[in-house]
Amino acid sequence: MYDFNGLRIFFKDKYLHTTFSGDRVVSYVHIEECAKRGLKIVPRDMTWHVDGSHEVHDLYHPWESLPSSFTGIAFKLYQASGFREQPCIELKASPAKIAQGHNVFGSESLELGVRNIMSALISALPDFSEMLELDTAEFFRIDSTFSIQLPNSDVLASALDSISRVSNRYLRPSRDGDYETTIYFNKVRGEAGRNTGRSSSLCIYSKLDEVLHQLDDLKNKAKREKTNRYDDVIAALESDSLQYFATNRLRFESRICSRFFERHNLPTRVKDLIAYVKGFEQQNGEGSFCRFLWSTAMKDLLSAIDGQKITVIHDSKVKKLLHSAYDTIDKNGKLRKAKAVRLFGFYRRLTTEGYAKVKRTMGTSGKSTFYNSVNQLLDVGFSKAQLQNLDKKETLPLVHLLKFDFDKQRPAGYVEPKMPCADLSYDEFLAVLSNGSAVEDDALTLDKRLSIALEQFGLPEAFVAGIKAGRSVRLNGEESLSLALFEDGDFELFTFDSNDREDYKNRLDAIRLQNGSLGSLHQMRDVVEPVAQSYAYK
């Protein structure tokens, strides 16, 4: 699934002020105009005068959160500086959290996430969005994530411990994470992170721990802020089925940075990458582009894991067994767990120090306690041979555990979130947003859709009326462009050369004469579709 999108969008030229700084041409956006259109602009410094008046200096836009269906979208305006050659905004969001309130599982559609982010931006800041050239949007980071369900929490802890000791080529592990159950490899830190030589960083963590931490954090925020704005997300995270799916789930996250796109000759411009992804997924037969990003970034780690072994631990199973056998309820109705806790501590000593050493160190005075504890462990199903060999660690190749099933990354009942304006192409979707239209499936008229389609051929809007009237438009000396309009409101634009023109025109005219201005849907498609398939769109 796609777990994070980092987008950068640039401004229209008319809102920029361009000047020289040394030998460089530098552009600045009119930040006062941004403030008038809804941005929260603040000064870095203020000067107070004796008469009580003041001046503000160095206005800037701090990070803020844009509302969406569920969680917010981090949003900030940057003036040109450093590696940002032009003023722009940056948006950071989890596509899954926006669409469904959580990212325990989610979609492998890159376009779905982008459309949701763009729609939220326009909805939250419609006036400000008019300053943006949405067509210039580009990625600076994409996170691709897949996970594996492990048998129990002990195996998960052992796997994390083993992975934390892996190093291979440029990979260096770090526990510098938000939770104890998180491991980073080549973590990108700070604003300069995207400008380093690293093309990706990796993060491996226990998903349930992250969910529970996030749930506690949201509950505390809701209580502190006295608000119900987090209720939908809290309800999603509290779902028993969701927490069950996250239990003992080890998550492997690839964070794809700008250098990755450069090294693999991938476009960063959103519309270009979306087009590339569609072609990639149709032709390569190896699954989604999301999986390609993940496996490419993870290959060195997975290669290093191949020879790694983990120590098999059964602590949770033993603990459950001891509490089941030895917990009691006293006469006051209180649950007593002391005996089970003591026996579990004895069991852990046997696993770390060994049977003979524990017996020796307990001495003569503790011999009866030692044998009583041994007998109580025997009573719950251990054999004496097992107890005498607990310090001889049972191991298992880690690679045997880490078998990724890409077809079982979501629950059986998972429903893909709805794509905004699903029946429109991405270009048409952007046209809806750029025109300030509501994001609805019927937002584009036929004339507007034709205008957008003609732009692909370098033709202005003025040609719409003529091509609707049945006139062909000559593209060059040999090729012309024609329109076929169907009864259901759909249409096809296609090119044909002069050799086929008369035959094709005669066939369409015959259908029109027989049925009126439009033929039946099937008749028209029988003529149009073979022609459209025969000629490449320019």
Side-chain angles (χ1 to χ4, degrees), residues 1-6 68-74 92-110 112-113 116-117 120 141-153 155-157 159-160 163 177-184 202-222 229-256 287-288 290-291 293-294 297-298 401-419:
M1 62 171 279
Y2 290 107
D3 195 28
F4 181 91
N5 282 170
S68 71
S69 300
F70 287 94
T71 62
I73 298 171
K92 299 178 181 181
S94 166
K97 287 182 179 179
I98 292 173
Q100 57 197 28
H102 67 84
N103 65 342
V104 175
F105 45 81
S107 173
E108 292 181 40
S109 169
L110 184 65
L112 172 65
N116 278 326
I117 293 172
R141 182 176 141 192
I142 299 175
D143 289 5
S144 173
T145 299
F146 291 94
S147 61
I148 186 167
Q149 191 94 36
L150 295 176
N152 55 57
S153 59
V155 174
L156 187 144
L160 278 169
I163 292 170
D178 299 323
Y179 318 117
E180 291 181 1
T181 51
T182 300
I183 302 169
Y184 287 100
L202 312 178
C203 182
I204 295 91
Y205 57 98
S206 165
K207 187 58 190 176
L208 182 61
D209 286 346
E210 187 200 43
V211 168
L212 296 178
H213 275 89
Q214 185 183 0
L215 186 56
D216 287 343
D217 183 55
L218 289 173
K219 285 181 175 179
N220 290 334
K221 281 184 178 179
R229 59 183 290 206
Y230 306 112
D231 287 359
D232 289 340
V233 181
I234 289 172
L237 294 176
E238 283 185 328
S239 163
D240 290 339
S241 59
L242 183 136
Q243 291 195 11
Y244 174 79
F245 187 84
T247 300
N248 301 326
R249 186 163 288 273
L250 191 59
R251 189 84 161 255
F252 287 72
E253 183 176 288
S254 299
R255 300 181 174 183
I256 307 301
S288 70
C290 184
R291 299 179 193 183
L293 292 179
W294 182 87
M298 280 284 173
L401 281 175
L402 304 184
K403 299 292 186 184
F404 290 89
D405 188 339
F406 291 111
D407 295 324
K408 292 185 179 179
Q409 295 293 313
R410 299 175 288 226
Y414 172 78
V415 177
E416 184 88 348
K418 184 181 178 182
M419 174 94 74

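All heavy atoms count here, side chains included; hydrogens, waters and symmetry mates do not. Not measured: the values here are computed from a predicted model.
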Tell me every residue that passes side-chain hydrogen bond (donor to acceptor under 3.5 Å, both in side chains) with [X], counting only those two or more places apart in sequence or in another chain.
X: N116; result: none
X: T247; result: none
X: E253; result: Y205, R255
X: Y244; result: none

Minimum heavy-atom separation for [X] to [Y], with atom names?
X: P95; Y: Y2; value: CD-O, 3.9 Å
X: Q100; Y: P417; value: OE1-CG, 4.0 Å
X: A236; Y: L242; value: O-CD1, 3.7 Å

Which pairs pass salt bridge (Lys or Arg N to Asp or Glu O under 4.0 Å) with one or both residues in residues 231-244, sequence neighbours excluded?
->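 Checked against salt bridge (Lys or Arg N to Asp or Glu O under 4.0 Å) - neighbours excluded - the pairs reaching residues 231-244 are K219-E238.
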Which pairs pass salt bridge (Lys or Arg N to Asp or Glu O under 4.0 Å) with one or both residues in residues 94-110, sequence neighbours excluded?
->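 Non-adjacent pairs meeting salt bridge (Lys or Arg N to Asp or Glu O under 4.0 Å): E108-R291.
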Working to the nearest 0.5 Å, report the span between [atom1] of [X] and [atom2] of [Y].
X: M1; Y: S288; atom1: CE; atom2: OG; value: 12.0 Å
X: F252; Y: T145; atom1: CZ; atom2: OG1; value: 11.5 Å
X: I148; Y: L150; atom1: CD1; atom2: CG; value: 5.5 Å
X: S206; Y: R251; atom1: OG; atom2: CZ; value: 10.5 Å
X: S239; Y: H102; atom1: OG; atom2: NE2; value: 7.5 Å

Is any NZ, NE, NH1 or NH2 atom of the basic residue among D405 and K403 found under 4.0 Å from an Asp or Glu carboxylate oxygen of the other?
->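 Here D405 does not pair with K403 in a salt bridge, since their nearest N and O are not under 4.0 Å apart.
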Between Q243 and L215, is a side-chain contact (heavy atoms from CB on, under 4.5 Å) present by the stated rule, with each step listed?
-> CA-CA 11 Å; Q243 291 195 11; L215 186 56; 3.8 Å; yes
Are side-chain heavy atoms of [X] and [Y] found at a separation under 4.5 Å?
X: D143; Y: I256; answer: no
X: E416; Y: R410; answer: yes
X: M419; Y: S109; answer: yes
X: L250; Y: Q149; answer: no
X: L237; Y: Q214; answer: yes
X: L160; Y: I204; answer: yes

Pairing residues for K408 by the salt bridge (Lys or Arg N to Asp or Glu O under 4.0 Å) criterion, not counting sequence neighbours |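 Partners of K408 by the salt bridge (Lys or Arg N to Asp or Glu O under 4.0 Å) criterion come out as none, since no residue qualifies.
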Only counting residues at least two apart or in another chain, list the ones meeting side chain to side chain contact (heavy atoms under 4.5 Å, CB included) with [X].
X: A93; value: I73, I98, I117
X: S153; value: N248, S316
X: F245; value: V104, F105, R249, P411

Does any N or O in the side chain of D217 come within less than 3.5 Å of the main-chain N or O of H213, such that one atom is a donor and the other an acceptor?
->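 Side chain of D217 to backbone of H213: no pair is present.
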Under the 3.5 angstrom rule, does the side chain of S144 hit a backbone N or O of C290 as a donor-acceptor pair?
->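 Yes; judged by distance alone, with no hydrogens or angles, the pair exists.
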For F406, all residues meeting ring-ring contact (aromatic ring centres under 6.0 Å, His included), sequence neighbours excluded |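 Partners of F406 under the ring-ring contact (aromatic ring centres under 6.0 Å, His included) test: F146, W294.
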Quick one: list whatever passes ring-ring contact (aromatic ring centres under 6.0 Å, His included) with Y230, sequence neighbours left out.
->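 Once residues adjacent in sequence are excluded, Y230 has no partner under the ring-ring contact (aromatic ring centres under 6.0 Å, His included) criterion.
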Please walk me through it: do I142 and L110 pass side-chain contact (heavy atoms from CB on, under 4.5 Å)?
-> CA-CA 9 Å; I142 299 175; L110 184 65; 4.1 Å; yes
Does a donor on one side chain sit under 3.5 Å from an acceptor on the other, for K207 and N103?
->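 Yes, side-chain donor-acceptor contact under 3.5 Å.
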